[in-house]
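Encoded as structure tokens, the structure appears first; notes follow it.
Sequential numbering from 1 along the given sequence is applied to the chain's residues. These figures come from a predicted structure and were not determined experimentally.
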Amino acid sequence: MKHHRSEIAKFVTLASLALSLTLTGCSSAEPEAAGNTETTGSASEERAVEPTASVPSDDAVAVITPAGNEDQDAGPVVAPVAVVPATAPAVVPVAPEPVATAPAVVVPVAPEPVAPAPAVVPPVAVEPAAPSTPDASQSSTFTFPDGHISFDVPAGWSVKVEQDSYNELANLPGGKENALVAKIYNAIGYEVASISSGGTGGLVGGPVNRTIIDSQELTSFDSRDGASYFAFVRDEYPFPESPVRYYMGVVAGFFMTEGPDSTSVNSFLIMDNGAATAVAHVDVFVSPENAREWMETEQYTNLRSMLTSLRYAA
């Protein structure tokens with residue numbers, strides 16, 4: 001009986017020790033969470049020397065046999081053991097430190113210039129230019145010093161007067177000082193024609209086969225032989241060394257013939273003050289087609305206009 005009590009007392013002692021250890025563990029958990037981490041090592045060392053005891057689980061109970069009933073084989077009395085649940089360490093929320101953020105800097109961006117759209121210009125109809133002809137309002141008039149012969153000079157052209165050859169035996173009323181030749185230059189300075197007044201001399205002609213390409217009678221430049229003519233002709237000579245000659249000038253009426261019975265042409269007009277000549281300097285053409293093409297040029301038109309403007313005053 002005494003042995004039976006000692007066993008119960010030992011069991012109660014073990015249960016009390018288990019409860020004490022459980023409470024000790026619960027109370028020591030909170031300081032560890034709150035504080036000093038340096039005591040952790042020493043606490044562990046102390047626990048290492050404590051006697052090992054089996055800790056009852058949450059469902060463990062102590063069985064106690066009541067005293068005073070030793071003789072009766074009564075069953076053990078089960079006393080409930082209070083089990084205190086372990087509390088988790090308190091978690092203290094820590095507010096995050098505010099992080100200063102730099103304010104956004106707005107940089108104004110200038111808009112790129114936009115090129116204006118090109119203006120749309122409607123096409124303008126251009127009329128073809130008319131062929132250029134000399135404008136009489138822009139031309140000038142040249143008159144020889146004795147006042148007998150005059151003519152129109154195309155705009156931009158110039159005249160240079162020189163002494164012409166003179167035969168003293170002719171005994172002309174104007175004398176040598178009025179035997180003059182006017183040399184005409186175009187706008188770029190080339191000599192393109194010559195017109196003389198009050199001269200002396202004569203002419204010699206030979207047989208040719210003539211073709212008149214262009215001609216016009218002058219209305220104010222009659223000579224002692226009658227009417228005078230502007231002529232642009234082609235003479236074919238019977239000589240192999242000079243087979244063809246193109247000629248432009250003012251001639252007497254008897255040169256206005258065509259065919260093989262013609263006489264080689266020259267400008268030599270007998271006027272009251274002496275002999276007059278009017279000749280354009282013509283290049284040598286290789287074919288009639290080249291002559292026709294030259295007739296379409298401005299130079300041909302200016303020469304023709306100047307020669308047909310010749311006038312004689314008594």
Side-chain angles (χ1 to χ4, degrees), residues 140-153 157-185 190-210 212 215-239 241-242 245-257 261-284 303-304 306-314:
S140 58
T141 299
F142 175 82
T143 302
F144 282 92
D146 61 5
H148 291 295
I149 297 177
S150 62
F151 58 90
D152 296 334
V153 182
W157 290 20
S158 59
V159 178
K160 181 180 179 181
V161 179
E162 297 178 358
Q163 179 68 52
D164 199 7
S165 59
Y166 183 75
N167 187 348
E168 296 289 347
L169 299 177
N171 195 23
L172 295 177
K176 182 179 180 179
E177 61 272 17
N178 286 308
L180 303 173
V181 58
K183 295 183 177 181
I184 297 96
Y185 298 85
Y190 289 147
E191 184 181 347
V192 293
S194 62
I195 298 174
S196 65
S197 174
T200 59
L203 58 86
V204 177
V208 294
N209 184 7
R210 175 171 298 126
I212 298 176
S215 65
Q216 178 181 330
E217 182 180 349
L218 275 62
T219 59
S220 302
F221 204 69
D222 291 352
S223 69
R224 292 181 181 180
D225 298 316
S228 300
Y229 294 85
F230 161 79
F232 178 42
V233 301
R234 179 178 186 270
D235 284 353
E236 296 181 36
Y237 289 82
F239 314 111
E241 61 274 11
S242 57
R245 181 180 75 148
Y246 285 86
Y247 183 91
M248 177 191 283
V250 177
V251 300
F254 54 80
F255 286 114
M256 297 302 294
T257 61
D261 297 329
S262 300
T263 301
S264 56
V265 68
N266 279 289
S267 178
F268 192 84
L269 304 165
I270 305 301
M271 314 300 287
D272 290 341
N273 69 328
T277 63
V279 181
H281 302 324
V282 180
D283 295 333
V284 177
L303 286 170
R304 190 182 194 280
M306 182 182 66
L307 294 176
T308 55
S309 70
L310 278 166
R311 299 174 295 276
Y312 184 85

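Interatomic distance, CG of Asp146 versus CG of Asn178, reported as 4.5 Å (0.5 Å rounding). Considering CG of Leu269 and OH of Tyr229, their distance stands at 12.0 Å, rounded to 0.5 Å.
The two residues Ser264 and Tyr237 make their nearest non-hydrogen contact at CB-OH, 3.4 Å. The minimum heavy-atom distance linking Ser223 with Ile270 is given by the pair CB-O, 3.5 Å. Taking every heavy atom of both residues into account, Met256 and Ser215 meet most closely at CE-CB, 3.5 Å. Pro207 and Pro238 get closest at one heavy-atom pair: O-CD, 3.4 Å. Across all their heavy atoms, Tyr247 and Val279 have their closest contact at OH-CG2, 3.4 Å. Phe268 and Gly201 get closest at one heavy-atom pair: CZ-O, 3.3 Å.
Every residue was checked against the salt bridge (Lys or Arg N to Asp or Glu O under 4.0 Å) condition with Arg245, not counting sequence neighbours, and none meets it. Remark: Tyr312 pairs with His148 by the ring pair (Phe, Tyr, Trp, His ring centres under 6.0 Å) rule, at least two apart or across chains. Under the rule for a salt bridge (Lys or Arg N to Asp or Glu O under 4.0 Å), Glu177 has no partner lying at least two apart in sequence or in another chain. Applying the side chain to side chain donor-acceptor pair (under 3.5 Å) rule to Ser267 yields no partners; only residues at least two apart in sequence or on another chain are considered.
Ser228 places a side-chain N or O within 3.5 Å of a backbone atom of Phe221 that can act as its donor or acceptor partner. Side-chain atoms of Gln163 come within 3.5 Å of backbone atoms of Lys176 as a donor-acceptor pair (strictly under, hydrogens ignored).
Between Leu307 and Phe232 the shortest side-chain heavy-atom distance does not fall below 4.5 Å. In this structure, Asp164 and Leu180 have side chains that are not in contact, with every pair of non-hydrogen atoms separated by 4.5 Å or more. Residues Thr263 and Phe254 are not in side-chain contact: their nearest non-hydrogen atoms beyond the backbone lie 4.5 Å or more apart. Arg224 has its side chain within reach of Asp272: a pair of non-hydrogen atoms, C-beta onward, lies under 4.5 Å apart. Using a 4.5 Å heavy-atom cutoff, the side chains of Phe142 and Ile184 are not in contact.
Counting only residues at least two apart or on different chains, the salt bridge (charged side-chain N to carboxylate O under 4.0 Å, His left out) pairs with a member in residues 192-210 are Arg210-Asp235.
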| task | Test side chain to side chain contact (heavy atoms under 4.5 Å, CB included) on Phe230 and Leu310 and set out the steps. | result | CA-CA 10 Å; Phe230 161 79; Leu310 278 166; over 6 Å; no
Let me check something: any side-chain donor-acceptor pairs from residues 190-200 under 3.5 Å, sequence neighbours excluded? List them with distances.
{"from": "Glu191", "atom 1": "OE2", "to": "His281", "atom 2": "NE2", "distance (Å)": "3.4"}
{"from": "Ser196", "atom 1": "OG", "to": "Thr277", "atom 2": "N", "distance (Å)": "3.2"}
{"from": "Ser196", "atom 1": "OG", "to": "Thr277", "atom 2": "OG1", "distance (Å)": "2.4"}
{"from": "Ser197", "atom 1": "OG", "to": "Asn273", "atom 2": "ND2", "distance (Å)": "3.1"}
{"from": "Thr200", "atom 1": "OG1", "to": "Asn167", "atom 2": "N", "distance (Å)": "2.9"}

